[in-house]
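Okay, so here's the structure we're looking at.
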Amino acid sequence: MAICMNCMGRGHVECPECDGKGRRWPESMSHGVLKDLNSDCYECRGSGRVPCEECDGTGYVDD
């Protein structure tokens with residue numbers, strides 16, 4: 001087994017939906033009103049990280 005180079009052995013990567021911030025952008029409604037301010041990102045559930053797809057979150061890949 002070798003360390004996954006995609007996540008550098010951490011088993012997770014920055015969430016692509018929120019750029020690792022854990023929050024999503026507010027959604028606008030009609031008349032310029034914003035809703036869901038400071039809502040957690042639906043992809044990472046607010047952590048800013050998602051499991052690495054290359055190693056399935058283990059941090060290691062087969063040689």
Side-chain angles (χ1 to χ4, degrees):
M1 299 205 86
I3 291 177
C4 176
M5 297 310 290
N6 188 54
C7 67
M8 302 307 277
R10 292 183 303 251
H12 57 81
V13 294
E14 185 177 274
C15 177
E17 289 296 319
C18 66
D19 295 323
K21 295 181 177 109
R23 302 278 183 192
R24 63 183 172 154
W25 292 103
E27 297 176 21
S28 48
M29 298 175 67
S30 62
H31 308 293
V33 176
L34 298 177
K35 68 174 185 172
D36 292 334
L37 293 174
N38 295 326
S39 294
D40 286 346
C41 173
Y42 65 89
E43 186 73 25
C44 66
R45 297 189 175 133
S47 71
R49 303 181 307 220
V50 293
C52 177
E53 291 181 7
E54 297 291 319
C55 65
D56 292 324
T58 64
Y60 296 95
V61 292
D62 293 330
D63 288 339

Return the SG to NZ distance between Cys41 and Lys21, rounded to the nearest 0.5 Å.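 Going from SG on Cys41 over to NZ on Lys21, the span is 11.0 Å.
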
Approximate separation, where rounding is to 0.5 Å, of Glu17 CD and Glu43 CD: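 Rounded to the nearest 0.5 Å, the CD-CD separation comes out at 5.5 Å.
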
Might you point out which heavy atoms bring Pro51 and Gly57 nearest each other, and give the distance in Å? CB-CA, 4.4 Å

Shortest non-hydrogen pair, Gly48 vs Cys18, comes out as CA-SG, 4.3 Å

If you define the side chain from C-beta out and look only at heavy atoms, does anything of Ser47 sit under 4.5 Å from Asp40?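 SC-SC contact between Ser47 and Asp40 ruled out.
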
Any link between Met1 and Ile3 through a network of hydrophobic side chains (Ile, Leu, Val, Met, Phe, Trp, Tyr) touching at under 4.5 Å? yes

Is the number of heavy atoms from other residues, nucleotides or ligands within 6.0 Å of CE (Met5) greater than 12?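 12 or below, so no.
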
Give a yes or no on this: more than 12 heavy atoms of other residues, nucleotides or ligands lie within 6.0 Å of atom CD of Glu53. no

My understanding is that only residues two or more places apart in sequence, or in another chain, count here; which of them pass side-chain contact (heavy atoms from CB on, under 4.5 Å) with Asn6?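 Counting only residues at least two positions away or on another chain, Asn6 forms a side-chain contact (heavy atoms from CB on, under 4.5 Å) with Cys4, Val13, Cys52, Glu54.
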
